[in-house]
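Written out below as structure tokens is the structure these notes cover.
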Amino acid sequence: AAACQQRVSARRRDCRESEARAGAEWAAFQARKKALALFTLGRRLGSKGAAVKAVDCIQAKEQDKEKEVRGVRVQNVKEKLEIQNLETVLKAHGEVLKGQRFIDFEHMKKENQKLNEKFDDLSGEILKLKKKVQNAVQILSQFREKLQFVEAENQGRKAELMDIETLLSQKRDFLTKKKQARDRLRVNSLKLQQKRGLLGNEILLRDFEEKVDTVELLSQQLEALKHHHAGLIRTCRRIQKKIREANSFLP
């Protein structure tokens, strides 16, 4: 009796440890599924609160189904053990109580069949929930691939923007030099006009007209580059905003 009691205590201790490990693994698995489902449903539903509510509802149903399945399994084991005990009792007592025991045995068989059917239904529900989780994981993988593609495209746009900014800086330096040269020419021209008029000097008049045309052309080019630069900055800001929105849903 003492040895049996020791074995029972050891079995109970092992059972508690196994239940604790199983509970911890189940909680970690549920947390991982929740994180994946929140990212996917958050993008689909448009808000994190709605995604949390939907995922909590699904996991609560799954937990209820899991508890029900466990209960059915335990009941099924008990019924099988009781059936085995009844078979042993029937064999030991012979044919005296065969009729009554046979009726009980048949009744338990029917109950066991019902429990098996219920267990099959619950297993089907669990399979459906597992399929939903797999679909959510696939959608999450697709979103991650799309996010990587957008990030790569954004890197290319950033490199292009840097090249354009470098070119624009060079153009600005060139235009500054041209403006300084224009100012010097204007001062020299004013001095020459004060000393002598331009009338009758066709070469100076033609050169002055060419300088004025060049300055106007450079001014137009500068305005065009400014508009192009502003458009690139707006495009870069929109891309950065999309990246921040995508990163906000990552687990």
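The first residue in the sequence is number 1, and the count goes up from there. Just so it is clear, the structure is predicted and the values come from calculations on it, not from any experiment. Heavy-atom basis, side chains included; hydrogens, waters and symmetry copies ignored.
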Side chain to side chain, [X] and [Y], heavy atoms closer than 4.5 Å:
| X | Y | result |
| --- | --- | --- |
| Lys61 | Cys57 | yes |
| Lys178 | Phe174 | yes |
| Arg237 | Lys241 | no |
| Lys78 | Leu81 | no |
| Leu225 | His229 | no |

Legend entry - Lys118 bridged to Glu68 by N-O distance under 4.0 Å: yes

Legend entry - Verify same cluster id: Leu218, Leu222 (apolar side-chain graph, 4.5 Å): yes

Legend entry - Gln134 and Gln138: CA distance, side-chain angles, deciding distance, side chain to side chain donor-acceptor pair (under 3.5 Å) verdict: CA-CA 6 Å; Gln134 290 176 356; Gln138 290 177 357; 5.8 Å; no

Give, for atom [atom1] of [X] and atom [atom2] of [Y], the distance between the pair rounded to the nearest 0.5 Å.
| X | Y | atom1 | atom2 | value |
| --- | --- | --- | --- | --- |
| Lys131 | Leu129 | NZ | CG | 11.5 Å |
| Thr176 | Arg182 | OG1 | CZ | 10.5 Å |
| Lys110 | Glu79 | NZ | CD | 14.0 Å |
| Glu19 | Arg12 | CD | CZ | 12.0 Å |

Inset, instruction - With side-chain contact (heavy atoms from CB on, under 4.5 Å) as the test, would you mind laying out the steps for Arg172 and Leu175 before giving the verdict? - result: CA-CA 5 Å; Arg172 283 176 177 173; Leu175 183 60; 5.6 Å; no

Inset, instruction - Determine whether the side chains of Glu216 and Gln220 contain a donor N or O and an acceptor N or O closer than 3.5 Å. - result: no

Legend entry - salt bridge (Lys or Arg N to Asp or Glu O under 4.0 Å) contacts touching residues 154-170 (sequence neighbours left out): Glu153-Arg157

Legend entry - Smallest separation among heavy atoms of Leu115 and Val72, with atom names: O-CG1, 3.4 Å

